[in-house]
Amino acid sequence: MTIQHRVLSIALLAVYAGGAFAVGPQPAPSPRKETLTIGYVKVGHLSPMMDVAEPLKACNVEVKPVEFVRYADARTALLSGSVDVSGIGPADLAIALSQGSDRIVGLSGVASSPKYLVVKKGVKLDDWADLKGKRIGIAPGSAVWFQWAATLTEKNIPYTTFTAVNIQGGGTAFVQALERGDVDAVAVWEPFESQLVAKNTAFFARKIEYSQSKAVGAELGLLAATRDALKNKPEAMKCFMWAYKSAEEKMAKDPEGFAQAYARYTGLPIEVTRESVKLIKLGGVLDLPQLQRQAKTFNTLGIIPKDVSGTVNTVWDPSLADAVMKR
């Protein structure tokens, strides 16, 4: 590529990135005082959550925050109605629907990033062929595991090629397992990927990328709400979406500001979050066709008991996100 072509490409990407976010004016406040119980899942790509409470005050909405370590816990809370809105995993709509519940409604994706296997220094694991005989740390049922399993299926790589080591708990458990030598590599999420690399404990296996499968894709999560909240608190929910998208837009345009917010939100060192934000692109890429492909694949893989690809459209409604964006 010539220098001129490279400059042009960068310019076009900048124009595209700038145009991808266009948040409209603040919605009208709720006519009565409302309370939104919001799930705060402490992952970096949901950092805009930390900036929604203040603007929601101007909408006559009080925020009641509830912290979660895992998407699965946030999904359970939404299903029980103990929170109104939260971030959850991209697969959680299909999981809930397959279990007979349409109580959760997906509103918008949140971010995407490339996913590379994170390999312990000194281990030869540079390409897919090197998986044979290795110990790979995974979180069964997690959003990252769905990406990993779908990619293996599309590449016709048997799951028995390597030894899958199930690791329970949050990302810190993955960091500790790799550092102890319990596993040779991990399929984990940010910021724990960058944390391991920043500590020089591991490296990204750039040829082992698992975020581009047709079935699952690169989406890292989604915003979802209960049907009750959407029905009974429409003004508050619209204000929430506006506040979230406004914060998302601001962070997407300011990587250092994103890194600082990320550090405050998760409690991680700024040197780790600065590395992590290099991989994360804020702004959802999830859409209905992707959700349908996911649902079908999850059933094929035996992750969910039935194929809900034909009905997942009933739990996906991006109209609220569309309503707060500039036309």
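The residues of the chain are indexed from 1 along the displayed sequence. Heavy-atom basis, side chains included; hydrogens, waters and symmetry copies ignored.
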Subject >> Gln99 versus Ser101, side-chain donor and acceptor atoms under 3.5 Å >> reply: no

Original post:
With no hydrogens and no angle check, is any side-chain donor or acceptor of Asp92 less than 3.5 Å from a backbone partner on Gly89?
Top reply: yes

**OP:** Output yes when a side-chain donor or acceptor of Arg135 lies under 3.5 Å from a complementary backbone atom of Gly181, and no otherwise.
**Re:** yes

Original post:
Applying the 4.5 Å side-chain criterion to the ILVMFWY set and letting contacts propagate, would Val69 and Val272 be lumped into a single cluster?
Top reply: no

**OP:** Determine, stepwise, if the pair Asp228 / Thr226 fulfils side-chain hydrogen bond (donor to acceptor under 3.5 Å, both in side chains).
**Re:** CA-CA 5 Å; Asp228 287 345; Thr226 66; 5.4 Å; no

Original post:
Charged N to carboxylate O below 4.0 Å: is that the case for Asp184 and Lys134?
Top reply: no

**OP:** Go through the steps for Ile136 and Val165 under the test side chain to side chain contact (heavy atoms under 4.5 Å, CB included), then give the verdict.
**Re:** CA-CA 6 Å; Ile136 310 298; Val165 179; over 6 Å; no

Subject >> Geometric cation-pi criterion Lys121 and Phe203, 6.0 Å radius, 45° cone >> reply: no

Side-chain donor-acceptor contacts of residues 143-150 below 3.5 Å, not counting sequence neighbours, with atom names and distances?
{"residue": "Trp145", "atom": "NE1", "partner": "Tyr159", "partner atom": "OH", "Å": "2.7"}
{"residue": "Gln147", "atom": "NE2", "partner": "Gly217", "partner atom": "O", "Å": "2.9"}

Original post:
Does Trp128 reach the main-chain N or O of Lys207 with its side chain, forming a donor-acceptor pair under 3.5 Å?
Top reply: yes

Original post:
With respect to Lys115, which candidate in Glu209, Glu193, Glu190 satisfies the salt bridge (Lys or Arg N to Asp or Glu O under 4.0 Å) definition?
Top reply: Glu193

Subject >> Heavy-atom check, side chain of Asn60 versus side chain of Glu235, under 4.5 Å >> reply: no

**OP:** Report the distance from atom CD of Glu248 to atom NZ of Lys253, rounding to the nearest 0.5 Å.
**Re:** 11.5 Å

Original post:
For Ser142 and Tyr71, does a side-chain donor sit closer than 3.5 Å to a side-chain acceptor?
Top reply: no

Subject >> Main-chain N/O of Ala111 paired to Glu219 side chain as donor or acceptor, under 3.5 Å >> reply: yes

Subject >> Trace of the side chain to side chain contact (heavy atoms under 4.5 Å, CB included) decision for Thr153 with Thr297 >> reply: CA-CA 10 Å; Thr153 298; Thr297 300; 5.9 Å; no

**OP:** Any chance you could lay out the side-chain hydrogen bond (donor to acceptor under 3.5 Å, both in side chains) test for Lys306 and Asn299, step after step, and finish with the verdict?
**Re:** CA-CA 6 Å; Lys306 64 179 181 178; Asn299 175 245; over 6 Å; no

Original post:
Do any N or O atoms from the side chain of Glu249 and from the backbone of Val23 form a donor-acceptor pair under 3.5 angstrom?
Top reply: yes

Original post:
Ignoring hydrogens and geometry, is there a side-chain-to-backbone donor-acceptor pair from Thr201 to Val197 under 3.5 Å?
Top reply: no

**OP:** For residues Leu220 and Leu46, determine if any side-chain heavy atom of one lies less than 4.5 Å from a side-chain heavy atom of the other.
**Re:** no

Original post:
Do the charged groups of Lys199 and Glu179 touch, with an N to O distance under 4.0 Å?
Top reply: yes

Original post:
What is the distance from atom CG of Asp51 to atom CE of Met49, rounded to the nearest 0.5 Å?
Top reply: 11.5 Å

Original post:
Just by distance, do the side chain of Arg293 and the backbone of Val216 share a donor-acceptor pair under 3.5 Å?
Top reply: no

Original post:
Does atom NZ of Lys214 have more than 12 heavy-atom neighbours, drawn from other residues, nucleotides or ligands, at distances under 6.0 Å?
Top reply: no

**OP:** Check for a donor-acceptor pair, side chain of Thr151 on one end and backbone N or O of Tyr210 on the other, with a separation under 3.5 Å.
**Re:** yes

Subject >> For Glu62, all residues meeting side chain to side chain contact (heavy atoms under 4.5 Å, CB included), sequence neighbours excluded >> reply: Lys33, Thr35

Original post:
Any side-chain heavy atom of Ile138 sitting closer than 4.5 Å to one from Ile167?
Top reply: no

Original post:
Backbone N or O of Thr37 within a donor-acceptor pair of the Asp84 side chain at under 3.5 Å?
Top reply: yes

Original post:
Counting distance only, does the side-chain N/O of Ser309 pair as donor-acceptor with the main-chain N or O of Lys296 below 3.5 Å?
Top reply: no

**OP:** Would you indicate whether the side-chain heavy atoms of Val186 and Leu196 approach each other to under 4.5 Å?
**Re:** yes

